[in-house]
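In what follows, a structure is listed as structure tokens, so that the remarks can point back to it.
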Amino acid sequence: MRVHELHGKELVMNVAFETRPPLTLVRETSAKKNPVAAGRTRLTSIDLLRGLVMVVMALDHTRDFFAAGGFNPRDVTDPALFLTRWVTHFCAPTFIFLAGISAFLYGQGRSAGNVSRFLLTRGAWLMLIELTVVRFSWSFNVHFNHFVVQVIFAIGASMIALGGLVHLPRWAIAAVGLVMIAGHNLLDGIKAAQFGAAAPVWNFLHQPGHLQLAPGVDLVVLYPLIPWIGVMAAGYALGPVFTRERAARVRELVALGATITVGFVLLRATNLYGDPAPWVMQDNVVGSVLSFINCEKYPPSLLYLAMTLGPALMLLAAIDRVQGPVAGWITTFGRVPFFYYIAHIFLLHALAVLYAWMVVGDFAALIGSMQKPPGYGLGLAGIYAVWFGVVVALYPLCRWFAGVKRRRTEWWWSYL
């Protein structure tokens with residue numbers, strides 16, 4: 001089955017998960033003659049990187065549920081906690097960028113209209129899921145009085161935006177992406193309050209905020225859409241690289257990733273532009289390095305995106321032919337990311353509720369609220385242990401679900 005003949009079966013995040021032969025069987029010589037084999041190699045590497053960021057993402061969410069209240073994960077004086085949080089910064093940018101690449105691959109052989117409809121419908125579905133299923137998984141609150149705009153909503157909105165952009169030439173899509181990524185920090189001085197009654201529009205676009213929708217009903221915008229729309233558009237614009245032979249593809253990914261990473265170091269060193277908070281020399285080298293890489297995620301600054309996407313591109317090149325049981329294990333998660341995302345939050349929250357009952361005797365402590373009671377919380381070693389256990393526990397479930405989706409042909413499976 002060719003990349004462009006998936007018959008609408010997959011979410012853009014999940015463009016390819018069909019059973020493939022081991023990568024040792026997909027050789028570069030045959031790939032030159034057989035574009036199907038070449039596509040397998042490329043999409044396997046994308047699935048592997050996607051799976052890796054999904055696994056790392058679960059670490060951050062484990063910390064959310066099991067760390068004691070009151071800790072600041074961006075405290076540069078606590079390297080272990082800081083780095084536990086920092087390593088997860090790679091997840092959202094990489095995932096959304098890969099979604100753009102996958103959208104391009106999905107569109108090969110299809111009209112712009114078909115691709116646009118695909119992105120619009122799935123984007124709207126993800127936004128709905130964020131405000132219903134994902135909201136409940138985080139809160140266990142059956143009352144629809146508190147909503148949070150997080151990463152799934154941002155992915156859905158970015159798909160909808162890309163659904164409009166695909167009608168433009170690729171250079172124009174690239175320009176939109178790069179302008180959003182590189183230029184949006186020029187907007188940092190503009191505050192939502194300046195827009196009066198239209199302030200919520202700016203909260204959705206660029207400034208996180210807490211909105212009162214009605215008496216007793218509120219909404220927190222954690223993931224403004226700029227520059228996430230640009231990140232997905234940039235991934236889409238890079239898509240043609242993944243239609244080239246392996247040697248050229250790897251060479252271009254390494255060059256681009258290295259250029260972005262060096263650019264991050266040079267621009268960050270100047271403290272001139274690219275992040276709302278400058279880095280500051282600390283009392284020791286470790287603290288200074290942590291301050292240097294302590295970039296803003298909400299919304300993601302230019303330097304935050306350069307710091308994460310540059311290495312991600314080089315890693316994508318490095319794993320282009322990686323194989324073995326561990327790689328296959330991680331790739332399984334990358335083929336069912338939507339299912340994994342929902343399942344891991346429900347499982348983590350359920351375990352946190354059980355843990356609260358065991359240590360503080362309050363079964364309802366984390367139901368309807370994330371306010372952690374006194375005496376609640378694990379240390380970092382415990383958090384890592386829970387994370388590892390949850391990922392291992394989810395593997396057979398994700399493997400089963402990938403098999404089910406591979407066998408089913410009903411249209412609605414494309415939404416799961």
Open item on the list: Taking the ring centre of each residue, are Trp138 and Phe65 less than 6.0 Å apart?
Closed with: yes
Task: Atom pair CG (Asp64) and NE2 (His349), whose distance is rounded to the nearest 0.5 Å - done: 11.5 Å
Task: Between CG on residue Leu316 and CG on residue Leu98, distance to nearest 0.5 Å - done: 6.5 Å
- [ ] Measure the OG-NE2 distance between Ser301 and His184 for me, rounded to the nearest 0.5 Å.
- [x] 6.0 Å
- [ ] Would you kindly say whether Arg50 and Thr94 are connected by a side-chain donor-acceptor distance under 3.5 Å?
- [x] no
Open item on the list: Under a 4.0 Å threshold between the charged nitrogen and the carboxylate oxygen, would Glu130 count as salt-bridged to Arg135?
Closed with: no
Open item on the list: Whether Arg251 and Glu245 form a salt bridge (side-chain N of Lys/Arg under 4.0 Å from carboxylate O of Asp/Glu) is what I want to check.
Closed with: no
TODO: Would you please indicate if the ring centroids of Tyr223 and Phe153 are separated by under 6.0 Å?
DONE: no
Open item on the list: Would you say the ring centers of Phe388 and Tyr384 fall short of 6.0 Å from each other?
Closed with: no
TODO: To the nearest 0.5 angstrom, please state how far the CG atom of Asn294 sits from the CG atom of Asp275.
DONE: 8.0 Å
Open item on the list: Side chains of His146 and Asn141: any donor to acceptor distance under 3.5 Å?
Closed with: no
TODO: Verify the ring-centre separation between His344 and Tyr341: is it less than 6.0 angstrom?
DONE: yes
Task: Aromatic centroids of Tyr298 and Tyr304 separated by under 6.0 Å - done: no
